[in-house]
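First comes the structure, then the notes that go with it.
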Amino acid sequence: MAANTTDEHETDRSLGNFAALKTSIANGDVAEVKARLNGKSLDKLEKGYLIDLARLSGNSEIVDVIEATPES
């Protein structure tokens, strides 16, 4: 059961990080978005969603940061 507990913990942490990333995008905090995406990759669906969110926020610099993030 330890593996399940670890997987659940990783999922919780991942969801928390994704929520914090969305908040940073909505707040227009470019530095925070860069820090949260540094060394990370996004799956295609996540990346598309975050790009749309950044475009809705009207921040082209954040759009560029997200677009430069590799896909997993």
Side-chain angles (χ1 to χ4, degrees):
M1 285 229 185
N4 288 342
T5 304
T6 302
D7 290 344
E8 289 171 8
H9 182 67
E10 288 295 322
T11 300
D12 289 345
R13 190 176 345 161
S14 178
L15 290 173
N17 288 337
F18 191 72
L21 180 57
K22 292 189 311 183
T23 300
S24 299
I25 291 168
N27 290 338
D29 190 342
V30 178
E32 183 70 17
V33 171
K34 286 180 180 179
R36 291 196 173 276
L37 290 176
N38 187 29
K40 304 270 192 305
S41 63
L42 298 168
D43 75 23
K44 187 176 182 175
L45 185 61
E46 287 174 329
K47 187 172 181 176
Y49 174 81
L50 294 175
I51 289 169
D52 288 345
L53 182 61
R55 285 183 178 145
L56 287 172
S57 298
N59 194 318
S60 62
E61 188 175 358
I62 290 178
V63 171
D64 293 342
V65 170
I66 299 167
E67 287 178 339
T69 303
E71 289 183 18
S72 55

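All heavy atoms count here, side chains included; hydrogens, waters and symmetry mates do not. Numbers here are sequence positions counted from 1.
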Check: Ile62 and Leu53 side chains under 4.5 Å, non-hydrogen atoms
no
Taken to the nearest 0.5 Å, the spacing of Leu42 CG from Ile51 CD1 works out to 8.5 Å
CG of Leu45 to CG of Leu50, rounded to nearest 0.5 Å, is 9.5 Å
When rounded to the nearest 0.5 Å, the distance separating OG of Ser24 from CG of Asn59 is 11.5 Å
Side chain to side chain donor-acceptor pair (under 3.5 Å) pairs touching residues 39-48, sequence neighbours excluded, are none
Report, one line per pair, each donor and acceptor closer than 3.5 Å where one atom sits in a side chain of residues 65-72; sequence neighbours left out.
| from | atom 1 | to | atom 2 | distance (Å) |
| --- | --- | --- | --- | --- |
| Glu67 | OE2 | Arg55 | NH2 | 3.2 |
| Thr69 | OG1 | Val65 | O | 3.1 |
| Thr69 | OG1 | Ile66 | O | 3.4 |

One should read off an interatomic distance between Tyr49 OH and Ile25 CD1, to the nearest 0.5 angstrom, of 8.5 Å
Acceptor/donor pairs from residues 28-35 side chains to any protein atom, 3.5 angstrom cut, sequence neighbours excluded:
| from | atom 1 | to | atom 2 | distance (Å) |
| --- | --- | --- | --- | --- |
| Asp29 | OD1 | Ala31 | N | 3.4 |
| Asp29 | OD1 | Glu32 | N | 3.1 |
| Glu32 | OE2 | Arg36 | NE | 2.9 |
| Glu32 | OE2 | Arg36 | NH2 | 3.3 |

